[in-house]
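This report refers to the structure that appears directly beneath it.
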Protein chains: 2
Amino acid sequence: MKKTRDTDLALMFDRFMRSIHFGLQQKAGDFDRKSVGPGGGMLLMTLADAGQVSQNELSRRMVRDKSQMTRMIQGLEGKGLVRRENSTSDGRVVMVSLTAEGEQVVEELLEAVADVIGDLLAPISANETQLLKQLLSRIV
Amino acid sequence: MKKTRDTDLALMFDRFMRSIHFGLQQKAGDFDRKSVGPGGGMLLMTLADAGQVSQNELSRRMVRDKSQMTRMIQGLEGKGLVRRENSTSDGRVVMVSLTAEGEQVVEELLEAVADVIGDLLAPISANETQLLKQLLSRIV
DNA sequence: TATTGTTATACTCTATAACTATA
DNA sequence: TATAGTTATAGAGTATAACAATA
């Protein structure tokens, strides 16, 4: 049997993510009416998970530079999917949240992602899926 | 406790990969002398894992379009890190493998990745890491 | 001084389609 | 016809640095 190194995790994670993107792209027409793209989709899903958060917190959660947040958020704001509001307690901070339309788009997106992930997870059991999520949530 | 959906896996996987890239980038000067970039790095690691394979197989393993393979491989070939050879059994096929210099570069890269992944995996035990790899290898 | 967010720039990654050559 | 690989193009993602405003 082939020796597996921890570095193989990088290959496996990358492959998993790429499989999700690839799977989604096959059915993009079904839900990506607003053509938010992969990055926009991740941002919307992060917002659905986090609720109203500052751009800085988004940048931290998505492990992407704050300058990218500005652009992505501006794009989604232009499409009416997210809302930006100045923080009342700190004049520097901009809070971001989903609009009603954004909620609807992310709902369709989540459904599509659930489909794709469901297919990917077919080789392992529901219990193992729970275990996987539990392990990952402790890591990230 | 917050309900977790399977779709959260997408966020967690993305975050893990981004953390690897971010961690590597911090120490890029230490090993990325050839400036292969993230894509080139993944390709080199895939080759280290797979040995000599066709471009088509690489495209399949990395879940990326074949046209991207051409470009990435040409870039790495120009840097002397990979070698292309025509298949003897099928005139259409190009086999790709690491050069001696490529082996050396990937070795440094793997060391850096192991460092970063080691840090990321700190919250879980060695046994759990094994379990995680075992689950993932069954999925991808 | 430090932090939040913006802007500008250059570079890499990606999807798509049209193409050549071999099977 | 089908498959392996190439080329060209446009668009999306990313890192970096310089900047303004607030703390």
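Letters A, B, ... mirror the listed sequences (proteins, then strands); counts begin at 1.
Annotation: side-chain hydrogen bond (donor to acceptor under 3.5 Å, both in side chains) contacts of A/Arg60 (sequence neighbours excluded): A/Glu57. Partners of B/Ser35 according to the side-chain hydrogen bond (donor to acceptor under 3.5 Å, both in side chains) rule, which considers only residues two or more places apart in sequence or in another chain, do not exist here. Contacts of B/Glu85 classified as side-chain contact (heavy atoms from CB on, under 4.5 Å), with partners at least two apart in sequence or in another chain: B/Gln52, B/Arg83, B/Ser97. With sequence neighbours excluded, no residue forms a salt bridge (charged side-chain N to carboxylate O under 4.0 Å, His left out) with B/Glu111.
Distance, B/Asn56 CG to C/dA23 C1': 14 Å, rounded to whole Å. Taking atom CD1 of residue A/Ile73 and atom C1' of nucleotide D/dA12, one finds them 17 Å apart after rounding to whole Å. Distance CG (A/Leu24) to C1' (C/dT14): 15 Å, rounded to an integer number of Å. We find that CG of A/Asp14 is positioned 12 Å from C1' of C/dC13, with the value rounded to whole Å. Note: CE (A/Met72) to C1' (C/dT6) measures 16 Å, nearest angstrom. Distance, B/Glu85 CD to D/dG5 P: 13 Å, rounded to whole Å. One interatomic measurement links the two molecules: CD of B/Glu57 to P of D/dT3, which rounds to 16 Å at whole-angstrom precision. Rounded to whole Å, the distance from CE on A/Met42 to P on D/dA12 is 17 Å.
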Assess the residue pair A/Glu77 and A/Arg84 against the criterion (side-chain contact (heavy atoms from CB on, under 4.5 Å)); give the C-alpha distance rounded to whole Å, side-chain angles, the decisive distance to 0.1 Å, and a yes or no. CA-CA 8 Å; A/Glu77 191 182 26; A/Arg84 287 157 23 99; 3.3 Å; yes

Reading nucleotides 15-23 of chain D 5' to 3', which nucleotides get B (base under 4.0 Å from a protein heavy atom), which S (sugar-phosphate only), which -? SBB----BS

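Heavy-atom distances to DNA chain C give each of B/Ser35 and A/Met69 a nearest nucleotide, and the one nearer the 5′ end belongs to A/Met69.
OP1 and OP2 of D/dG5 both lie 4.0 Å or more from every side-chain N or O belonging to B/Gln74. At C/dT4, none of the side-chain N or O atoms of A/Arg84 fall inside 4.0 Å of OP1 or OP2 (strictly under the cut-off).
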In residues 131-140 of chain B, what donor-acceptor pairs under 3.5 Å come from side-chain atoms, sequence neighbours left out?
unit_1   : atom_1 : unit_2   : atom_2 : d
B/Lys133 : NZ     : A/Thr4   : O      : 3.3
B/Lys133 : NZ     : A/Thr4   : OG1    : 3.2
B/Lys133 : NZ     : A/Arg5   : O      : 3.4
B/Lys133 : NZ     : A/Asp6   : OD1    : 3.3
B/Ser137 : OG     : B/Lys133 : O      : 3.2
B/Ser137 : OG     : B/Gln134 : O      : 2.9
B/Arg138 : NH1    : A/Glu128 : OE2    : 2.9
B/Arg138 : NH2    : A/Pro123 : O      : 3.3
B/Arg138 : NH2    : A/Glu128 : OE1    : 3.1

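Taking 4.0 Å as the cut-off between side-chain N and carboxylate O, B/Asp14 and A/Arg64 count as a salt-bridged pair.
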